Trainee: 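Here you go, one structure.
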Amino acid sequence: MKKPAILVARAIFPQTLDFLSQHFEVESNQTDEVWDAVELTRRLNGKAGALTTGSERIDGALLQANPQLKIIANMAVGFNNFDIPAMTAAGVLATNTPDVLTDTTADFGFALLMATARRVSESEHFLRAGKWTKWRYDMFAGAEVHGSTLGIIGMGRIGQGIARRGAFGFGMKVVYHNRSQLSPQLEAECKATYVSKEVLLKTADHVVLVVPYSAESHHTIGANELGMMKSTATLVNIARGGIVDDAALAHALAGGQIAAAGLDVFEGEPVVNEALLKVPNVVLTPHIASATTKTRLAMAQLAADNLVSYFTQGRALTPVNQVAIMG
Ligand code: 8YV
């Protein structure tokens, strides 16, 4: 029987590609060029499925040009690059990669929190620039992490992982805000207390954002919210660009309205707001929260397993929409 044709839209691990080639006719992008919408649409011609990353936008126009498409497997837990209503209307199954990255991403959230609070990047730049000539009592004095109040906005699996690290590893008081309150059992497990967004912003020493991106979560943190935070507080965004108004944040950091920020995601990434690049009190990383070799392999494998499972058994392992599967 002829193998179904799929597209792997970005470079992935060679072993994942080998695995996929056992099941599919694979066209891949191992040179890792970033294809625009026109090129991606063209490459999808004749393909029954695709493996994408968070960078490829799947929308109605692309789907209309490719009515043969059946499934798109995102190698990411977030899927805001997918127009889910359009995919569902077109009968195209969407899948993501939850769970396999939860702890790795929570680890990184904490790494960014620590680096931000304790001014790791700023002080390293100082040292590398040859400016370290003597010890000084307040040199790079930062904010305390242990025993402080951690505010988490977005209390899904990753948010819960960060809460556990904060509560049990660092003795932090954990408050959270989420669309829905966790069960009492889960709250107890995470040692976390539900509060309004306003209370969280006003009381937290460290605010961490782990909320999925949507029209509703766009600019969850803007000038108004930054104005509510303590002047000694830090802000960490490991969620998505667009959750924070980056221009407003740069302004708040420059004016000392909050102490510091740690950002792994940016509005319009990989382009980063010029003003953010200029302020010293921000730790900037290039969207690497899930980037350990083990976890990225697991994400690639889960995306591949979703494709295989769909074509061999008619159901995906981690779907994010429901479509009628036709034989
Ligand atoms: C991905 C992420 O590496 O899983 C997510 O949602 O943001 C990252 O883990 C990135 O989206 C590329 O696919």
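For this chain, numbers begin at 1 and follow the sequence in order. Keep in mind the model is a prediction, meaning the values are calculated, not measured. Just follow the structure's listing: the first ligand is 1, and inside any ligand the first atom is 1.
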Trainee: Side chain of Arg57, backbone of Asn81: donor and acceptor closer than 3.5 Å?
Mentor: yes
Trainee: Taking distance alone, no hydrogens or angles, what donor-acceptor pairs closer than 3.5 Å link side-chain atoms of residues 4-14 to residues at least two apart or in another chain?
Mentor:
from, atom 1, to, atom 2, distance (Å)
Arg10, NE, Asp32, OD1, 2.7
Arg10, NH1, Ser55, OG, 3.4
Arg10, NH2, Asp32, OD1, 3.3
Arg10, NH2, Asp32, OD2, 3.2

Trainee: Once you restrict both partners to nitrogen or oxygen, which atoms of ligand 1 have a protein partner under 3.5 Å, and how far apart are they?
Mentor:
from, atom 1, to, atom 2, distance (Å)
ligand 1, 3 (O), Ser290, OG, 3.3
ligand 1, 3 (O), Arg296, NH2, 3.2
ligand 1, 4 (O), Val77, N, 2.7
ligand 1, 6 (O), Val77, N, 3.4
ligand 1, 6 (O), Gly78, N, 2.8
ligand 1, 6 (O), Arg240, NH2, 2.7
ligand 1, 7 (O), Arg240, NH1, 2.7
ligand 1, 7 (O), Arg240, NH2, 3.4
ligand 1, 7 (O), His287, NE2, 2.6
ligand 1, 9 (O), Ser290, OG, 2.7
ligand 1, 13 (O), Gly54, N, 3.0
ligand 1, 13 (O), Met75, O, 2.9

Trainee: Can Lys2 and Glu25 be counted as an ion pair, charged N to O under 4.0 angstrom?
Mentor: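 Here Lys2 does not pair with Glu25 in a salt bridge, since their nearest N and O are not under 4.0 Å apart.
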Trainee: Heavy atoms, side chains only, cut-off 4.5 Å: are Met87 and Leu69 in contact?
Mentor: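 They are not in contact (no side-chain heavy atoms under 4.5 Å apart), so the answer is no.
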Trainee: Please tell me whether Ser217 and Thr220 have a donor and an acceptor in their side chains that are separated by less than 3.5 angstrom.
Mentor: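 No pair is found: no donor N or O on one side chain lies under 3.5 Å from an acceptor on the other.
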Trainee: Is Val145 linked to Ile238 within one hydrophobic cluster, defined over Ile, Leu, Val, Met, Phe, Trp and Tyr using a side-chain heavy-atom separation of less than 4.5 Å?
Mentor: yes
